[in-house]
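Below, all heavy atoms of this structure are taken into account, side chains as well, without hydrogens, waters or symmetry copies.
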Amino acid sequence: MNCLEFKRLALSDPNSKDVSFIEHSNSCPDCLKYISGVRKMDADLTSSLDVNMPSDLTARLQLNAELIDEAEQVGKRSASQRYAIAASVAIALFVGGFMLSNQIALNEEINSDYQNMLAGVLEHMNEQPITPVWEPARANSTVNALLASYNTDVRFKQLDSLQFGRICPMGQYRGLHASMETEHGQITFAFIKGEALGELLDASYHGYITRVKPVRGGNLVIFSRSQKSLDQADRQLEDAMYWDI
């Protein structure tokens with residue numbers, strides 16, 4: 001198993017028991033570091049989705065259930081009993097709504113347009129997993145020249161962290177594929193001309209933290225290994241990109 005095959009399997013199944021996968025991780029320090037990062041990110045994402053119920057909530061619900069049961073048995077509907085029932089229903093609705101809203105947030109499907117764009121960029125990244133690192137002057141002049149031919153309105157101010165840029169096919173899309181360095185690691189981004197998809201979207205996708213950000217004239221797509229590097233890259237790109245009126 002080579003490094004590319006290892007990383008592809010690591011993204012889909014970081015705890016794979018495949019013999020060649022385990023042997024490669026034990027013999028390749030870079031890939032061992034890579035899989036450790038993927039597993040840590042998966043663990044961080046899992047822990048961030050944990051929803052803790054208030055410690056006294058179960059007791060309150062049990063108490064109100066007992067009040068309802070007692071009221072039904074006696075058959076009385078005094079003002080105090082009606083208040084207890086109403087309070088129980090209110091709490092139950094609150095808890096149910098809270099849990100349902102969290103479940104919806106966890107299971108909400110990402111719009112197919114977003115999925116297609118993320119898949120297109122990732123597919124291209126996997127086809128070309130290693131990109132050159134140019135010195136900033138060459139990277140900036142190249143990216144500006146490419147953008148001028150690709151979208152006449154958009155420009156880049158000097159971006160010292162820019163490393164590489166090329167116009168590439170990305171699934172059903174075509175756009176600027178580039179990389180840049182942040183204090184927290186290298187990121188890949190793409191500017192795809194066309195209709196903005198809607199609102200900004202952050203998502204975990206095949207081991208990456210991703211952001212699809214609608215901008216004038218298209219969408220900015222960022223792939224990163226950490227939230228910190230994604231946020232820093234987004235700020236730098238926002239400062240660097242501008243549009244001719």
Notebook entry, point to check: Hey, does the side chain of Asp13 reach the backbone of Leu9 with a donor-acceptor pair shorter than 3.5 angstrom?
Noted result: no

Item checked: Nearest-0.5 Å distance, NE2 of residue His177 to CZ of residue Phe223 -> 10.0 Å

Next item on the list: Quick one: pull up OH in Tyr150 and CD1 in Ile167 and give me the separation to the nearest 0.5 Å.
Entry: 6.0 Å

Notebook entry, point to check: Can you name the nearest heavy-atom pair linking Leu146 to Arg166, along with the distance?
Noted result: CD1-CA, 3.5 Å

Item checked: Salt-bridge criterion met for Asp153 and Arg216 (N-O under 4.0 Å) -> no

Notebook entry, point to check: Do any N or O atoms from the side chain of His24 and from the backbone of Met1 form a donor-acceptor pair under 3.5 angstrom?
Noted result: yes

Next item on the list: Please tell me if the side chains of Glu181 and Gln163 come closer than 4.5 Å, counting only heavy atoms from C-beta onward.
Entry: yes

Next item on the list: For Ser16 and Asp18, test the side chains for any donor-to-acceptor distance below 3.5 angstrom and give the result as yes or no.
Entry: no

Next item on the list: For residues Leu176 and Leu147, report the shortest heavy-atom separation together with the two atoms involved.
Entry: CD2-CD2, 3.9 Å

Item checked: Side-chain heavy-atom pair Val154, Tyr242 within 4.5 angstrom cut-off -> no

Check: Which heavy-atom pair separates Leu32 from Ser36 by the least distance, and what is that distance?
Finding: O-OG, 2.8 Å

Check: Can Leu201 and Asn111 be said to form a side-chain contact (heavy atoms from CB on, under 4.5 Å), step by step?
Finding: CA-CA 10 Å; Leu201 173 76; Asn111 179 298; over 6 Å; no

Next item on the list: Verify the cluster assignment for Leu162 and Trp243: are they in a single hydrophobic cluster under the rule of side-chain heavy atoms below 4.5 Å apart?
Entry: yes

Checklist line | From CA spacing to verdict: side-chain contact (heavy atoms from CB on, under 4.5 Å), Thr210, Asp202 | finding: CA-CA 6 Å; Thr210 70; Asp202 283 2; over 6 Å; no

Checklist line | Asp160 versus Gln158, closest heavy-atom pair with distance | finding: OD1-NE2, 3.4 Å

Margin query: When you measure from the side chain of Ser229 to the backbone of Ser224, do you find a donor-acceptor pair of N or O atoms at a distance under 3.5 Å?
Written below: no

Notebook entry, point to check: Once you round to the nearest 0.5 Å, how far does CD of Glu5 lie from SG of Cys3?
Noted result: 9.5 Å

Notebook entry, point to check: Do Val221 and Arg211 come within less than 4.5 Å of each other through their side chains, counting heavy atoms only?
Noted result: no

Next item on the list: Would you kindly say whether Arg39 and Tyr34 are connected by a side-chain donor-acceptor distance under 3.5 Å?
Entry: no

Next item on the list: Look at Lys213 together with Glu238 and state whether they make a salt bridge at an N to O cut-off of under 4.0 Å.
Entry: yes

Next item on the list: Would you indicate whether the side-chain heavy atoms of Tyr208 and Leu230 approach each other to under 4.5 Å?
Entry: no

Check: Under 3.5 Å, side chain of Ser141 to main-chain N/O of Ala137, donor-acceptor pair present?
Finding: yes

Notebook entry, point to check: So, for Ile35 and Pro14, which heavy atoms are closest and what is the spacing to 0.1 Å?
Noted result: CD1-O, 3.5 Å

Next item on the list: Could you identify which residues cluster with Trp134, counting Ile, Leu, Val, Met, Phe, Trp and Tyr as linked when any side-chain heavy atoms lie under 4.5 Å apart, either directly or through a chain of such contacts?
Entry: Phe164

Notebook entry, point to check: How are the rings of Phe21 and Phe6 set relative to one another: parallel (under 30°), tilted (30 to 60°) or perpendicular (over 60°)?
Noted result: parallel

Checklist line | Arg225 side chain vs Gly207 backbone, donor-acceptor pair below 3.5 Å | finding: yes

Note to self: Any donor-acceptor pair under 3.5 Å linking the side-chain atoms of Gln227 with those of Asp231?
What the structure shows: yes

Notebook entry, point to check: Is it the case that more than 12 heavy atoms not belonging to Glu199 sit under 6.0 Å from its CD atom?
Noted result: no

Checklist line | Full working for side-chain hydrogen bond (donor to acceptor under 3.5 Å, both in side chains) between Thr182 and Gln236 | finding: CA-CA 9 Å; Thr182 75; Gln236 292 178 344; over 6 Å; no

Margin query: Is any side-chain heavy atom of Lys228 closer than 4.5 Å to one of Gln232?
Written below: no

Item checked: From Ser161 atom OG to Asn140 atom CG, the distance as rounded to the nearest 0.5 Å -> 8.5 Å

Note to self: Taking the side chain as everything from C-beta on, heavy atoms only, tell me whether Phe189 gets closer than 4.5 Å to Ile187.
What the structure shows: yes

Check: Going by heavy atoms in the side chains, are Leu237 and Phe156 under 4.5 Å from each other?
Finding: yes

Note to self: Has Ser25 got a side-chain atom pairing as donor or acceptor with Ile22's backbone, closer than 3.5 angstrom?
What the structure shows: yes

Notebook entry, point to check: If we ignore angles and hydrogens, is there a donor and acceptor under 3.5 Å between the side chains of Ser179 and Thr188?
Noted result: no

Check: For the residue pair Asn219 and Leu197, what are the closest heavy atoms and their distance?
Finding: OD1-N, 3.0 Å

Check: So Val19 and Glu23, side-chain contact (heavy atoms from CB on, under 4.5 Å) or not? Walk me through it.
Finding: CA-CA 6 Å; Val19 174; Glu23 289 178 349; 3.5 Å; yes

Item checked: Note: Lys157-Asp239 ion pair, threshold 4.0 Å (strictly below) -> no

Check: Are any of the side-chain heavy atoms of Leu220 and Met241 separated by less than 4.5 Å?
Finding: yes

Notebook entry, point to check: Distance-only, no hydrogens or angles: does the Arg174 side chain make a donor-acceptor pair with backbone N or O of Gly171 under 3.5 Å?
Noted result: no

